[in-house]
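Each remark here refers to the structure printed beneath this line.
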Amino acid sequence: MKKRILTVIGARPQIIKAAALSRAVRTARSARGVPFSELVEEKILHTGQHYDDNMSGSFFAELGVPEPDYNLHVGSGPHGLQTAKMIEGIEQVLQAEHFDGLLLYGDTNSTLAGAVAAAKLRIPVFHVEAGLRSYNMSMPEEQNRIVCDHLSTVLFAPTRTAVENLRREGLTDSPARFADGQGRRVVLSGDVMYDNSMYFSSLAQQRSTIMRDLQLQDRGFVLATIHRDNNTDSAPRLTAIISAMLTIANEHQMPIVFPMHPRTRKMLEVNLSTELREQLLQSPLIHIIPPASFFDIIELERHAAVVLTDSGGVQKEAFFFVTPTVILRPETEWVEIVEAGAGLLADADMARILSAFEKLNGQNVVFPHLFGDAHASELILEQILS
Ligand code: UD1
């Protein structure tokens, strides 16, 4: 009998991550010699956390992810309310149909909701991207990932550091037992985002026209993304980041491509002085564009001289495409990137951002092999089947 898995997604990066495993279910062969499609049936539930077409819908077609079987249409809202609506909706689906496990990605409110709903119903939780820690308890993502890891049956850690973090929390050798009597399992799986970036790399090169459309030169521009609430919702932090971007653009006469998350767009109106906002919006060197498609963003990551970002995913994809990153946060979960010198932590501090940019721009930076063999999805499926 096929194992029935419910995958829960909700935010943009989860659609991207889920693409790798969904593709393996549909097209890869298991070590048992039969296609995974004969062993696993995957259904997809979209919580509706992200709902704009350029934050959600467009990724399904581009990455070949099957349309969700369920959509809760939860939308935006305060964290408690948003998460509560998701738990309620996921619970109803899990009660109406039998599933052998729930597959979750990352650290969003959708991840948290899935873990709580399934654990209460004693359905095994498989957490992909387990063990990441910033140790910054004020981040909603840190809260979500800790709860999710502790409720999960199998933890798929992308890196050695993630395994070590789980060990420190007692999760690699824990006396905890789940409903079936089994203990928790921690698996070093590699990174499903690396699977995707490698799989779509040449397709993105063929299909994306962003480099031409914006008349960009290879390694001749900066890619910037900001979406974390501690950056967008704080006037001093947003001001420091935008001022640093304008200084880099003007001093180096370097274009900056700035795909804009909906929250950032709203908060520019609230948290920037009129003068700074006008400078940003009127600068001929700053290209503000809507949230980019996956193919466009990986082309931008591949060709940028330096990436400025507060996103974990963008940080990592830039690394896959050997582009250094100035990290607009006080800390990162992807500590290997900083240890390798391919990323520098600059927080939202103008002087640190400018100095980090100078250290990385045009310099010889090392990109060691850290994120697996681009077949994490198959490994994860084998583990789920076992
Ligand atoms: C969420 C995740 C974050 C992840 C990010 C990726 C949580 C706590 N955070 O943050 O970990 O890195 O997704 O993008 O789950 N909005 C729209 N249209 C949309 C979606 C959102 O306009 O389709 C606006 C709304 O004003 C909303 C705000 O963006 O209130 C924030 O959206 P939300 O899903 O709460 O968090 P993200 O910042 O996207």
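The structure presented is a predicted model; accordingly, all values stated were derived computationally and were not measured. Counting starts at 1 for both ligands and their atoms, in listed order. Throughout, residue positions are numbered sequentially from 1 according to the sequence presented.
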ask   = How far is atom 18 (N) of ligand 1 from its nearest protein heavy atom, and which residue and atom is that?
value = Asp52 OD2, 2.9 Å
task = Using a strict cut-off of 4.0 Å, indicate which atoms of ligand 1 neighbour a heavy atom of Ala11.
result = 13 (O)
What donor-acceptor contacts under 3.5 angstrom involve side-chain atoms of residues 82-91, with partners at least two apart or in another chain?
| residue | atom | partner | partner atom | Å |
| --- | --- | --- | --- | --- |
| Gln82 | OE1 | Asn109 | ND2 | 2.8 |
| Gln82 | NE2 | Gly75 | O | 3.1 |
| Thr83 | OG1 | His79 | O | 2.6 |

request  = Using a 4.0 Å heavy-atom cut-off, say whether His50 meets ligand 1 through its side chain, its backbone, both or neither.
outcome  = both
query = Got a salt bridge between Glu142 and Arg145, using NZ or NE/NH1/NH2 to carboxylate O under 4.0 Å?
reply = yes
key: Sub-4.0 Å atoms of ligand 1 with respect to non-hydrogen atoms of His261   = 14 (O), 29 (O), 37 (P), 38 (O), 39 (O)
message = Out of the candidates His46, Gln49, Gln14, only one should pair with Ser56 under the side chain to side chain donor-acceptor pair (under 3.5 Å) rule; please name it.
response = His46
request  = Determine, for Glu38 against Arg32, whether the closest basic-nitrogen to carboxylate-oxygen distance falls under 4.0 angstrom.
outcome  = no
request  = For atom 4 (C) of ligand 1, grab the closest protein heavy atom and report residue, atom and distance to one decimal in Å.
outcome  = His227 NE2, 3.8 Å
note = So the atoms of ligand 1 within less than 4.0 Å of a heavy atom of Asp107 turn out to be 11 (O)
message = Using a 4.0 Å cutoff against the non-hydrogen atoms of His79, which atoms of ligand 1 qualify?
response = 8 (C)
request  = Looking only at distances, please establish whether an N/O atom of ligand 1 is found under 3.5 Å from an N/O atom of Glu141.
outcome  = yes
query = Which ligand 1 atoms are under 4.0 Å away from a heavy-atom of Met55?
reply = 23 (O)
query = Between Arg237 and Asp347, is there a side-chain N and carboxylate O pair less than 4.0 Å apart?
reply = yes
note = of all protein heavy atoms, closest to atom 36 (O) of ligand 1 is Arg263 NH2, 3.8 Å
query = Do the charged groups of Glu169 and Arg167 touch, with an N to O distance under 4.0 Å?
reply = no
Shortest protein heavy-atom distance from atom 19 (C) of ligand 1, along with the residue and atom involved = Tyr51 CZ, 3.5 Å
task = Identify which of Met139, Lys266, Gln82 has a heavy atom lying nearest to atom 35 (O) of ligand 1.
result = Gln82
inquiry  = When you compare ligand 1 with Gln49, is there at least one nitrogen or oxygen pair between them that comes in under 3.5 angstrom?
reply    = yes
request  = Using distance alone, determine whether Ser110 and ligand 1 share an N or O pair under 3.5 Å.
outcome  = no
Ring-face cation of Arg12 near Phe59 (centre distance under 6.0 Å, axis angle within 45°) = no
ask   = Backbone or side chain, does any N or O of Arg228 fall under 3.5 Å from an N or O of ligand 1?
value = no
Protein residue, atom and distance nearest to atom 8 (C) of ligand 1, heavy-atom basis = Asn109 OD1, 3.4 Å
task = Would you mind reporting whether Arg26 and Ser37 have side-chain heavy atoms less than 4.5 Å apart?
result = no
ask   = When you check the gap from the basic side-chain N to the acidic O, do Arg228 and Glu141 get nearer than 4.0 Å?
value = yes
key: Taking atom 22 (O) of ligand 1 as the reference point, the nearest protein heavy atom with its distance   = Pro262 CB, 3.2 Å
note = Using a 4.5 Å side-chain heavy-atom cut-off and chaining through intermediate ILVMFWY residues, the residues clustered with Ile327 come out as Val338, Leu345
ask   = When you check the gap from the basic side-chain N to the acidic O, do Arg4 and Glu41 get nearer than 4.0 Å?
value = yes
note = Filtering Pro13, Ser76, Gly312 for the heavy atom nearest atom 21 (C) of ligand 1 leaves Ser76
